[in-house]
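One structure is given below, encoded as structure tokens.
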Protein chains: 2
Amino acid sequence: MLSKLNDQDPRVRRTRQLIEQAFDELLTEKNFDSVTVQDVTEKAQINRATFYAHFEDKYALLDHSIRQKFRQEIESRVLNACHYTPENLRMLILTVCEFQVKLNTSCAQSQKQFSPLVEKQIKEQIYELLLVWLRKMNIPVSAEMPATAATWAIYGLASYWSASKNRPALETYVDEALPLVAVNLNQFAPEAA
Amino acid sequence: MLSKLNDQDPRVRRTRQLIEQAFDELLTEKNFDSVTVQDVTEKAQINRATFYAHFEDKYALLDHSIRQKFRQEIESRVLNACHYTPENLRMLILTVCEFQVKLNTSCAQSQKQFSPLVEKQIKEQIYELLLVWLRKMNIPVSAEMPATAATWAIYGLASYWSASKNRPALETYVDEALPLVAVNLNQFAPEAA
DNA sequence: CAACTTTTGTTGACTAAGCAACACAGGAGA
DNA sequence: TCTCCTGTGTTGCTTAGTCAACAAAAGTTG
């Protein structure tokens, strides 16, 4: 059905939380493919029909879960409430890198199964964040293209790092990555104008 | 209202649990008198009207809470699923003593405010348990009177102990208390028949 | 392949929970 | 005293969640 539920309703918040929590726990036990909607609803102790009132299917739940967790990382570093600086960009890259390894360690199996879904969700949020940053420094050209380039570069660099056999130290890696991404954005920064 | 709710309904179980948990937490913070129904519903994040669908008022909640906690103590020692022996009776006395001090320590203020309510609930359950024990050893006389005498004796001894300034060691105290209670019951025990 | 089991979405009728509004009971305090 | 304020129960109406049943997909096994 998915007739939009009221996010303010305590019941809605509660059952969403139950679903998300059950889902998280299940992902630490088995891989995503073998988790069924029934598993989730049984662990969450809700009716299966209720699940479908909240999420279209288990893929929508995964999307939501990834999105939410990444958003939390962003928000905990108040990156969402700030503007562009090389330091903030550096922190963003670092966050994406850390998120990748966190996913790999907290899930039962390496999440090859759903990596495309993860990539989509993360990139969407990086992109939105960069757009906000760029729009704050009213630039002469459209923000979409620099934001797109930077988004893909950040995600690509983070993936590359997290997949490396012998991962270099995160800090030094990010130091190297930063200029590769910043070059597209620095030109619009106030001090460079 | 209090139109009887279905105990099997997951929603009912959930909100009851929320209410009980909120209540417990509040009792560790302040004394019973100053806990309002509003406090409970706010902490539990449920609607106030919902509270009244489950409990008549905060006194009914207290009754329920005490009753449930004591029952848990009984059940965790499987006293509910056994028959009369001096050893089981000893364990029962010990349980009542421990429960008294547990109440005193886990609640913000010593629970003088609601001790009559506590006493009523505990004694009811001791009595029911003793009745079951006595009925299992089909005795020639009615079980009610020995059960009553033993119930009051047990509760009285436990109260006396928990209120003592310099409490003697629980084990030795119970050893002394046991014969005082058992004398009324032993005569019906199989080996004494 | 066919017969099976499991899981998936979806439905409609019913019940519980949320919400806002109400009248009413104490206090507390000028 | 009168007023203000906080907490109490109760109500009618709305929305969310439960349940059982269903058909249809997707695996499994022989």
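Quick note on labels: first sequence line is chain A, next is B, and so on, each numbered from 1.
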Can you tell whether the side chains of [X] and [Y] come within less than 4.0 Å, N to carboxylate O?
X: B/E144; Y: B/R135; value: yes
X: B/K43; Y: B/E29; value: yes
X: B/E42; Y: B/R48; value: no
X: B/E73; Y: B/R77; value: yes

- Say whether, by atom type as modelled, one donor and one acceptor occur between the side chain of A/K69 and the main chain of A/F99 under 3.5 angstrom. no
- Quick check: does any side chain N or O of B/K58 sit under 3.5 Å from a backbone N or O of B/F32, one acting as donor and the other as acceptor? yes
Round to a whole Å and report the spacing from [atom1] of [X] to [atom2] of [N].
X: B/F55; N: D/dG9; atom1: CZ; atom2: P; result: 14 Å
X: A/F51; N: C/dT10; atom1: CZ; atom2: C1'; result: 14 Å
X: A/L18; N: D/dA16; atom1: CG; atom2: C1'; result: 13 Å
X: B/D7; N: D/dT18; atom1: CG; atom2: P; result: 16 Å
X: B/Q38; N: D/dG9; atom1: CD; atom2: P; result: 11 Å

- Go along nucleotides 16-26 of chain C 5' to 3' and tag each nucleotide: B for a protein heavy atom under 4.0 Å from its base, S when only backbone or sugar atoms are that close, - otherwise. BBSB-------
- Query: Does anything in residues 160-172 of chain B pair up under side-chain hydrogen bond (donor to acceptor under 3.5 Å, both in side chains), and if so which pairs, sequence neighbours excluded?
  - Reply: B/R90-B/E171
- Looking only at heavy atoms, the pair that brings A/V96 and A/A158 closest together is CG1-CB, 3.5 Å
- Bend angle of the helix from C/dC1-D/dG30 to C/dA30-D/dT1, end axes from five pairs each (to 10°): 30°
- Query: Quick one: is C/dG9 close enough that its OP1 or OP2 comes under 4.0 Å of any side-chain N or O from A/Y52?
  - Reply: yes
